[in-house]
Amino acid sequence: MIDRHIGFVHALRESGLPVSLAEGLDAADALRHLDLSVRENLREAYAATLVKRPQHREGFDVLFDLWFPATTQGPPKHHDGDPREELAELLRGDPNTPEFRAFAQAMVERFGQVQAGPGRQSWFSYPVMRALSPQTLIARLLGERGGLPEKIARQRIATNIAAFEAEVATDVRRRIAEEQGRERITRSAVKPPIDRRDFLRVTKAELAELRREVHPLARRLATRLSMKHRKGDRGRLDFRRTVRASLQSGGVPLTTHLRPKRPHKPELVVITDASDSVASFAQFTLLLTFALREQFTKVRAFAFVDTVDEITGYFAPGADVLDAITRMTGEADITRFGRTDYGQVLTRFEERYASALTPKTSLLILGDARSNYQPPNTETLKRLTEKTRHAYWLNPEPRNQWDTGDSVASGYAAVIPMHECRNVHQLATFIEEIA
Amino acid sequence: MTWFASPSEAATRLGQTGYLSDDSIATSVFLAGVLEKPLLAEGPAGVGKTQLAKAIAEATGADLIRLQCYEGLDEARALYEWNYKKQLLRIQAEDDAWDDIFSEEFLLERPLLKAIRAERPTVLLIDETDKADVEVEGLLLEILSDFQITIPELGTITAGRKPFVVLTSNATRELSEALKRRCLYLHLDYPTPERERDIVRAQVPGIAETLAEQLARTAATLRALELKKSPSIAETVDWAHTLLALGREILDEQTVAETLGVVLKHRSDQQRAAKELGLR
């Protein structure tokens, strides 16, 4: 048990969870008090002592299932009938039952093995999902049609399908670990937590998850920023409060109170690339800047593909964010030929919106600096940045891909500070710096 | 004293007070008891973090001492304070009182000191820890790891009986590593529809099972939408109370549209829900 405990803690560290020595000891201490035959208690005991951030929980669960696999219940039950019928039945019920898991395991057993190379077999999830294709069952499972009941039923089945998919993936990993050793799969099984995933490679589901993170993140940033503003140099003596406080000590002013300093709030102008290649990054960043609007005196946003238009109006306070994005791509005049052209856009911006930039503004440009081999117009950008107080460029591509192909990143980087901004974590750090 | 004998016993006893737990809650509550470590409960508003501390106190028959954190909370409000006015009066009344004005008589106990000195079993709830300034965390470190407080004039006071400490946080800022390291961590999230149904039935006596089920499923559907603020458990329970007061027995489109304001508090969220769920 000790070996397994140490191995598990080691695997957690390797996959990026910060587990301190003391926390490892706490976990070992916790195990002494528990009935180890109850697997869920063991899992939760480890989680309570080692996982101190919700983003890390997903990776933790994957590793836990590898190091402490669930026992398979006896010889597999025969699933003679049509497995799709059985799945349909299970999807109607509660996914947290042993039958649900046993069925997932049986299906992996039956469909999951695939020839991975000459003389080599391995386990995969996709043949299982293809054989059963649960998505096609949805139509049949929806009992009631139309309106609210249908929405609710649809949501319920979708959740159950996701649970089934997760069970299958877990069992596939367990089988691979059994055959090829745990260490091999440990490294590939754990995805980085959501705030470290690359914007340019997120899936649709992850993008929705990211959007849901916008408001909590904005709130966290706002708290930290207002705390930063309050600290540091304080202003002049607040005479009234000092005298008021001195009453408590008999008129002797023991503690002085100072007026808070007026916070510095910059004006923000965001120019964002709205083309498909960076859409997820641009969307997320726009949402975040608008969620943070209280931290700035004014926020104006412009979007472009090969011509530029103002989009501030779509993000009015209280407006629905998804609507804003759809309307922005549909209504705003940002596309003429549909190929990104940074040089052309900079010229147009200077012609139409140069007045937006004043010595009080911070300019923020979002984009990958891939200009389809058109002239980059670096001079215009230089003129624009000179009119502003600060100017920054956020590039969602990893630094080592800058200047490859049609990217003119370092050309622009010569006139404007360019930051690599691949994930939420880097973005949050950056915003905290400028506000 | 042992607080709970096993995770399953913790679950049963919390259940008797009307707090429905799951594996992770029961296990971490049990461990916090046997390891005598503070329990840090983090999660969105309205998922029952504060309620958990109350339920623990009720289930074990312990006293509950609550420290509500806010910006600007300081030692004098959290730990102890000397009663200046009384000290001044004493000095003015007796000339030789200089020696004994720093004694028990002039000490004003605040929640943390009170919990440390408590004779009876005590649950100490430090609510919304993330709202307090970073300095307060430093203050908590000594108390949470050694359960002792040093008062320069009186010496070090050590807890005779360690309190059961529950810290809650809405994660508006990240708590320091040092504080997290000393705590057991419990992330409370929105429940599964099955559990939420049971919570609604436990909290709202007299609600029909089908209605509770519909409520829980509808809440789960609302949470799947991209909303500014997802409905919390507390709001689902309010919703159940509302429907009961209105005498509704089923949750159809009409009823949802009329009472959506109970669970969604942003106009844009209401519009989005109305659109996605096909109301009106």
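Lettering follows sequence order; numbering is per chain, from 1.
Looking at every heavy atom in both residues, A/P54 comes nearest to B/E42 through CD-OE1, 4.1 Å. The two atoms that bring B/P7 and A/L34 nearest to each other are CG-CD2, 3.7 Å, heavy atoms only. Contact between B/R181 and A/A22 at its shortest, heavy atoms only, is NH1-CB, 3.2 Å. Across all non-hydrogen atoms, the minimal contact from B/C183 to A/K52 is O-NZ, 2.8 Å.
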task: Before giving the answer on side-chain contact (heavy atoms from CB on, under 4.5 Å), spell out for B/R217 and A/R156 the whole-Å C-alpha distance, their side-chain angles and the decisive distance to 0.1 Å.
output: CA-CA 8 Å; B/R217 296 276 168 209; A/R156 178 179 186 170; 3.1 Å; yes

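Interatomic distance, B/Y84 OH to A/L254 CG, rounded to the nearest 0.5 Å: 6.0 Å. Between atom CZ of residue A/R219 and atom CZ of residue B/R173 there is a gap of 13.0 Å, rounded to the nearest 0.5 Å. Atom-to-atom distance recorded for A/T49:OG1 and B/L35:CG is 8.5 Å, nearest 0.5 angstrom. Atoms CD and CG, from A/E150 and B/L277 in turn, are 11.5 Å apart once rounded to the nearest 0.5 Å. The line from OG1 of B/T218 to CD1 of A/I152 is 3.5 Å long, rounded to the nearest 0.5 Å.
For B/L251, the part sitting under 4.5 Å from any heavy atom of chain A is the backbone (N, CA, C, O) and nothing else. For a residue to count as touching a neighbouring chain, one of its non-hydrogen atoms must lie under 4.5 Å from one of that chain's; by this rule B/L225 touches chain A with the backbone only. With a 4.5 angstrom heavy-atom cutoff, B/R195 does not touch chain A via any of its atoms. Contact annotation for B/H266: neither backbone nor side-chain heavy atoms come within less than 4.5 Å of a heavy atom of chain A. Only the side chain of B/T192 comes within contact range of chain A, with heavy atoms under 4.5 Å apart. With a threshold of 4.5 angstrom between heavy atoms, B/K131 does not approach chain A through any atom at all. For B/D130, no part sits under 4.5 Å from any heavy atom of chain A, backbone or side chain. If you measure heavy-atom distances from A/S20 to chain B, the contacts under 4.5 Å come from the side chain alone. Interface residue A/E23: only side-chain heavy atoms are found under 4.5 Å from chain B. Heavy atoms closer than 4.5 Å to chain B are found in both the backbone and the side chain of A/E44.
Interface summary for chain B: among A/V38, A/D29, A/T159, A/N41, the most heavy-atom pairs under 4.5 angstrom belong to A/N41. If you tally non-hydrogen atom pairs under 4.5 Å between each of A/R43, A/E40, A/R32, A/R53 and chain B, the highest count goes to A/R53.
Contact of the B/E253 side chain with the A/P149 side chain is registered, since non-hydrogen atoms from C-beta on lie closer than 4.5 Å.
Within a 6.0 Å sphere centred on NZ of B/K265, other residues, nucleotides and ligands contribute more than 12 heavy atoms. Applying the 6.0 Å contact sphere to CD of B/E9 captures more than 12 heavy atoms from other residues, nucleotides or ligands. Surrounding CZ of A/R13 are more than 12 heavy atoms belonging to other residues, nucleotides or ligands, all under 6.0 Å away. Few gaps surround CD on B/E142; more than 12 heavy atoms of other groups in view lie less than 6.0 Å from it.
At distances below 3.5 Å, at least one donor-acceptor pair connects side-chain atoms of A/K151 with backbone N or O atoms of B/E276. Side-chain atoms of B/K180 never come within 3.5 Å of backbone atoms of A/V51 as a donor-acceptor pair (strictly under, hydrogens ignored).
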